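Just so you know, these numbers come straight off a predicted model, no measurement behind them. Atoms within each ligand, like the ligands themselves, are counted from 1 in listed order.
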Amino acid sequence: MSDECIFCKIIKGEIPCNKVLENDKFLAFHDINPVTKVHILVIPKNHVANIAHLTEEKAAYVEGILPFIKDVAKEAGLSADGYRVVFNTGAKAGQSVFHLHAHILGGQELGWPEI
Ligand code: 5GP
Ligand code: ZN
């Protein structure tokens with residue numbers, strides 16, 4: 001846990017969220033500022049800044065995240081039509097919250113972004 005981290009505060013219940021699914025390791029909730037019709041964030045309950053900060057020990061924090069994302073997408077009704085999973089890693093890649101998270105984007109046709 002990191003005292004200053006907004007996503008750690010959501011995990012602790014200090015900031016509310018619109019929850020989709022939760023298990024012992026991960027929490028999924030709707031993004032407060034969705035960029036697609038369905039926009040869900042998946043976070044590990046243990047704090048790590050992003051993929052670049054994963055050590056051998058911290059890699060355990062995200063073990064099982066892909067099967068969890070699969071369950072979240074099913075819960076949100078995205079499985080049939082497809083969805084995109086994005087991990088912004090670092091400020092230059094658009095990361096603004098430095099607690100590792102997956103964006104699940106769907107509910108509409110998705111173009112491939114201009115870089
Ligand atoms: P990033 O830009 O770091 O990849 O993504 C951070 C995401 O967190 C953004 O899409 C932003 O809208 C979302 N976000 C930031 N603060 C909150 C919050 O307090 N609650 C929720 N549900 N989403 C948040
Ligand atoms: Zn955190």
Side-chain angles (χ1 to χ4, degrees):
M1 288 284 170
S2 165
D3 285 348
E4 303 301 313
C5 173
I6 195 166
F7 286 175
C8 283
K9 287 181 179 168
I10 287 175
I11 291 161
K12 284 187 272 183
E14 293 173 8
I15 294 175
C17 72
N18 186 0
K19 184 165 89 175
V20 178
L21 203 65
E22 180 174 17
N23 69 12
D24 56 329
K25 289 186 73 170
F26 306 110
L27 175 65
F29 53 96
H30 290 280
D31 196 292
I32 205 168
N33 186 23
V35 299
T36 47
K37 280 192 180 150
V38 180
H39 185 172
I40 297 166
L41 300 174
V42 172
I43 62 175
K45 292 187 174 177
N46 285 309
H47 180 92
V48 56
N50 59 32
I51 291 173
H53 283 76
L54 287 174
T55 58
E56 206 171 314
E57 183 203 342
K58 290 181 179 174
Y61 299 173
V62 293
E63 266 171 32
I65 198 168
L66 291 181
F68 184 75
I69 287 170
K70 173 190 162 187
D71 292 346
V72 172
K74 191 173 179 202
E75 178 71 24
L78 297 175
S79 298
D81 289 334
Y83 52 92
R84 182 169 297 156
V85 181
V86 175
F87 292 85
N88 291 332
T89 304
K92 276 194 175 171
Q95 187 176 9
S96 60
V97 178
F98 285 80
H99 180 126
L100 189 150
H101 53 279
H103 297 260
I104 304 178
L105 306 168
Q108 64 180 73
E109 195 87 29
L110 298 173
W112 191 248
E114 297 285 332
I115 304 292

Salt bridge (Lys or Arg N to Asp or Glu O under 4.0 Å) pairs, two or more places apart, involving residues 24-33: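 Those involving residues 24-33 do not exist here.
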Would one find an N or O of [X], backbone or side chain, under 3.5 Å from an N or O of ligand 1?
X	answer
Ile10	no
Gln95	no
Val97	yes
Asp31	yes

Set of residues satisfying side chain to side chain contact (heavy atoms under 4.5 Å, CB included) with respect to Asp81, sequence neighbours excluded: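 Applying side chain to side chain contact (heavy atoms under 4.5 Å, CB included) to Asp81 gives none.
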Contacts of Ala59 that satisfy side chain to side chain contact (heavy atoms under 4.5 Å, CB included) - sequence neighbours left out: none
Phe87 touching ligand 1 at heavy-atom level, < 4.0 angstrom: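 For ligand 1, residue contact (heavy atoms, under 4.0 Å) with Phe87 is absent.
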Considering all heavy atoms, the nearest Asn50-Thr89 contact: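 So the minimum-distance heavy-atom pair works out to CG-CG2, 3.8 Å.
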Heavy-atom pair of closest approach, residues Arg84 and Val86: CG-CG2, 3.9 Å
Proximity of Leu41 to ligand 1 by residue part, where a heavy atom lies under 4.0 Å: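 Under 4.0 Å from ligand 1, Leu41 contributes side-chain atoms alone.
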2.8 Å shell around the Zn ion (ligand 2), exclusive bound, protein N/O/S atoms: 4
